[in-house]
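Worksheet: the structure to be examined is printed underneath.
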Amino acid sequence: MKLFGTSGIRMKNLNPEIAYKIGFAVSQIAKNVVIGRDTRTTGGLIKNALITGLLNGGADITNIGIVPTPTLGFSARNYDIGIMITASHNPPEYNGIKLFNKDGTAFRPEQEKQIEEIVFNKDFKRADWNCVGSVWKDETAIKKYMDFILENVDINKNFNVVVDCANSAGCVASPYLFTDVGAHVISVNSHIDGRFIGRMPEPNEKNLYETIKMIKGLNENKNKDDKKSGRYIGIAHDGDADRMIAIDEKGRLTDFDKLLAVFSRYIVEKTNKKTIITTVDASMSIDEYLKDLDVKVIRTKVGDVAVSEALSKYNAIFGGEPSGTWIHKDVHLTPDGILSGLRILEMMEFYGKELCELIDDVPSYVNLREKIPCPDDKKMDVMNHVIENGEKIYHVIPETIDGARFSLDDGWVLIRPSGTEPYIRVRVEAKDYTVAKELLEKGIKLIKMVDE
Ligand code: MG
């Protein structure tokens, strides 16, 4: 049995008994722990269970309360380990536990395995009565994080921004930071409510419908003679604000891949650092859009752990996933949706352009996706088959960093087992629809051949 999935532990109705055991297991390897949580109604319950386990094993705990994941990751530098209680973009009935290293990176799979083994082998040692841990409260963590972020952004223009925090962890920092850099901020869903009463925390078109409508209305009604301040853009977070997505002046939810491409170009032009890290599922629009700058685009496995490892390995300063999870290594190694949002303003100021103009500059391609049902115990066989036989179908040898990725002249195909559901996923991108459709159908046939 596995407790940790692709992003820590995450489940519906997370059981406090599991949280207690995780806390107890963590106390076997760390004695000085910082803990924070998002706004979910079960957050206090899970936190107290974790703390009980930690105390039982003799760890001291600093509780920093409701904070975004990037605040927790930043704070972890002063402790042995950081623990964030969040289920990120999942609905309110879910909760989760994510562990962080001192350097702000999330636990690697082998570290998670170590915790799992302690839990499953009941390898716990209780602290003696005179070594039981203590709990401290630190209400300054948010302020320290905000000061740190402000030192690392440079914004001189006064922007108009709608900030949407999904009633969750972003509320305690994001609208304030945008105000601190001189923006006129309208905050939406920015009061704390663990039921996510304003919208569900996944920042997508459906959940952001009201916010998008509001930005369109604000910009339509804006006084045309008001040349001083620009039109509104939106920055929307997920439940723990390690991600963000922008809404442009036309009221369009920006395409995640295009936003990543535009921002990557900005980083290269501003810093002259010519390596960008992204994941195997990112669009080729990033390569195309950066082509003339002679940039090396390196693709890793999906997930922020792989991105942060690659940032160090290739000495790059920026890495982003098309989900809106971006790491700015020149600042810190935890994905940070608030810093990412602020840097979008920095980018607009750098180019002296509206966000919609920048986005429209990126080429568009056809993207198709399909998921084929596949039980967990058959996923490995199917993937082996895809890797062995894919070359006959696509006439190239697949890259196998994460699943099988076939890079072709006019597009690419990624076949990957889902980490959380019983499916094999096929993603295809090409310059025109007919080619994309053909590549997708070949991929589906390749997967289904295993049953025949
Ligand atoms: Mg998140």
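Atoms within each ligand, like the ligands themselves, are counted from 1 in listed order.
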**Asked** Can you tell me if R405 uses its side chain to pair, donor with acceptor, with the backbone of V280 under 3.5 Å?
**Response**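 Confirmed, R405 side chain pairs with V280 backbone.
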
Do you know which N/O/S atom name in [X] is closest to the Mg ion (ligand 1)?
X: D242; answer: OD1
X: D238; answer: OD2
X: D240; answer: OD1

**Request:** Flag the pair K98 and D304 as a salt bridge only when some basic side-chain nitrogen lies within less than 4.0 angstrom of an acidic carboxylate oxygen.
**Result:** yes

**Request:** Give a yes or no on whether the ring-centroid distance for Y266 and F263 is below 6.0 angstrom.
**Result:** yes

**Message:** Less than 6.0 angstrom separating the ring centers of F107 and F4, yes or no?
**Reply:** no

**Asked** Closer than 2.8 Å to the Mg ion (ligand 1), do we get an N, O or S atom from S88, backbone or side chain?
**Response** yes

